[in-house]
2 protein chains.
Amino acid sequence: MRSHEDGRTASQIPEVVVMRLPLYARALAVLEKESQEVVSSNELAARLQVTPAQIRKDLSYFGRFGKQGRGYNVGHLLSHIRRILGLDRQWSMALVGVGRLGRALLHYGAFAAEGFKLVAAFDSDRRQIGTQIDGVVIQSMEELSSTIRTREVNICIIAVPALKAQEVIDMVVQCGVRAILNYAPIACRVPGDVCIREIDPICALQSMTFHLKVPRINR
Amino acid sequence: MRSHEDGRTASQIPEVVVMRLPLYARALAVLEKESQEVVSSNELAARLQVTPAQIRKDLSYFGRFGKQGRGYNVGHLLSHIRRILGLDRQWSMALVGVGRLGRALLHYGAFAAEGFKLVAAFDSDRRQIGTQIDGVVIQSMEELSSTIRTREVNICIIAVPALKAQEVIDMVVQCGVRAILNYAPIACRVPGDVCIREIDPICALQSMTFHLKVPRINR
DNA sequence: CCGTGTGAATGAGTTCACAGCC
DNA sequence: GGCTGTGAACTCATTCACACGG
């Protein structure tokens, strides 16, 4: 269904592989904190509940990081993966929609801890504009375009009601944002060169109940 | 020919298919609200950014819901999907971990609106125990086991720190919970008959930066 | 004609299995 | 002996294309 090639951007690395790298990075960070120097694909796989072959194959897309007979140096592999993912720098994010969910996200410390800095927040509610949450001043939607450009925002978090989401997404895409973390429960349309990830707990719940439905045999 | 919705064996339906059904349900609910009576796989696909064949194939795992030359009756298909997913009933959830994130989840109205009722909340922080948030009294971890059983909790939401998550998950699994929505940033181990879904915005961000990394050519 | 339902064909992703190196 | 890196084999998922029914 992908509309058409835009050659240049189209990475030949499977998206599933890219999505697993952060998991590897996280596990390696734990090992590093535990002062473990070397890890085998077997050990890493056991921690992550995947197969060792999966890890080796995934890594092989990017280079040869291991030593035969020994395994991977934890620190080296971690910094390689971080560089591959672009985690060796800070990223600037803007939040659109400062309702309950948006406020919770503004307070959420883990983004900054991982190098994702929330530098701006926007809402259409006049009463909120000008107020400050965790050091971020809430701005009007009219200011969105100029602020995103001047503050060089790379990523937008969408936390507006479903009905407004597509419109807001179109706006931020128009401003040159190419990565969107979408909390709105909607299947939205973005150009092929824009990356979007959905956070949708309702869908997650609704797909789990499919399995619960069947009555338990041995309780 | 596939076994129909009430088979009781470990489902032979691909998990990807199950995970798409909630999206179909959501789109159909919108159409129903718009008073549209009939929809073709083509139209539905256009709304959801998937292929029409995908939708038809997915639905064919569960039965034959359409009419040739016409399409699907919106209301009928929606109620079929809801029944397939087990959304034609209420589900009881418990929240473990009432930190900032947990509190935000307790306030979140959409769960209840979709038939997922938060009936209990647990935390290890003594100061919080006994206090009430949105009608739910926060209980101690010691009460978890008995409350989950007496209140017949089907689903647990995990919102505890990463270091505590596996331990808490083991506890709730021990209490017979077979569905877990995990907000803790950890790859956790559950028995094969337990369904778990991860909500992990950090991973989502970290996999998007892979694509951002490449400098934009035409800004 | 139009659109579903579905085998068959294609494509993507995972696992196997082993050569090669430490 | 142990473990990586990787083509080949295999499994799983998506798309095609068309027979069939409204």
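Chain letters run A, B, ... following the sequence lines, proteins first and then strands; every chain starts at 1.
The separation between B:Gln68 atom CD and D:dA19 atom P is 14 Å, rounded to whole Å. One atom, CZ of B:Arg20, and another, P of D:dC12, lie 16 Å apart when rounded to the nearest Å. Per the geometry, CZ belonging to B:Arg56 stands 7 Å off C1' belonging to C:dG5, to the nearest Å. Between the C1' atom of D:dA13 and the CG atom of B:Asp58 lies a distance of 10 Å, rounded to the nearest Å. Between B:Met19 atom CE and D:dA13 atom P the separation is 11 Å, expressed in whole Å. For the pair A:Glu15 CD and D:dA13 P, the computed distance is 18 Å after rounding to whole Å. What separates CG of B:Leu77 from P of C:dT4 is a distance of 11 Å, to the nearest Å. The separation between B:Phe65 atom CZ and C:dT6 atom P is 11 Å, rounded to whole Å.
With salt bridges taken as basic N to acidic carboxylate O contacts below 4.0 Å, none links B:Glu32 and B:Arg82. Using a 4.0 Å cut-off between a side-chain N of Lys or Arg and a carboxylate O of Asp or Glu, B:Glu198 and A:Arg26 do not qualify as a salt bridge. Looking at A:Lys67 and A:Glu37, no side-chain N of the basic residue comes within less than 4.0 Å of a carboxylate O on the acidic one, giving no salt bridge.
Using a 4.0 Å heavy-atom criterion, one finds that A:Arg64 contacts the sugar-phosphate atoms exclusively.
Residues from residues 38-55 of chain A that place a heavy atom under 4.0 Å from any atom of DNA chain D, listed by number: A:Ser40, A:Ser41.
Remark on DNA chain C: of its neighbouring residues A:Lys67 and A:Val16, the 5'-side contact belongs to A:Val16, judged by nearest-heavy-atom nucleotide.
Between the side chain of B:Arg70 and the base of D:dG22 there is no donor-acceptor pair of N/O atoms closer than 3.5 Å.
No side-chain donor-acceptor contact under 3.5 Å links A:Asn154 to the backbone of A:Trp91. Panel note: side chain A:Thr147, backbone A:Leu144; no donor-acceptor pair is recorded below 3.5 Å.
Side-chain N/O atoms of A:Tyr61 include none lying less than 4.0 angstrom from OP1 or OP2 on C:dG13.
Residues A:Arg197 and B:Ser207 have side chains that bring a donor and an acceptor to within less than 3.5 angstrom of each other.
A heavy-atom distance below 4.5 Å is found between the side chains of A:Asp170 and A:Gln166.
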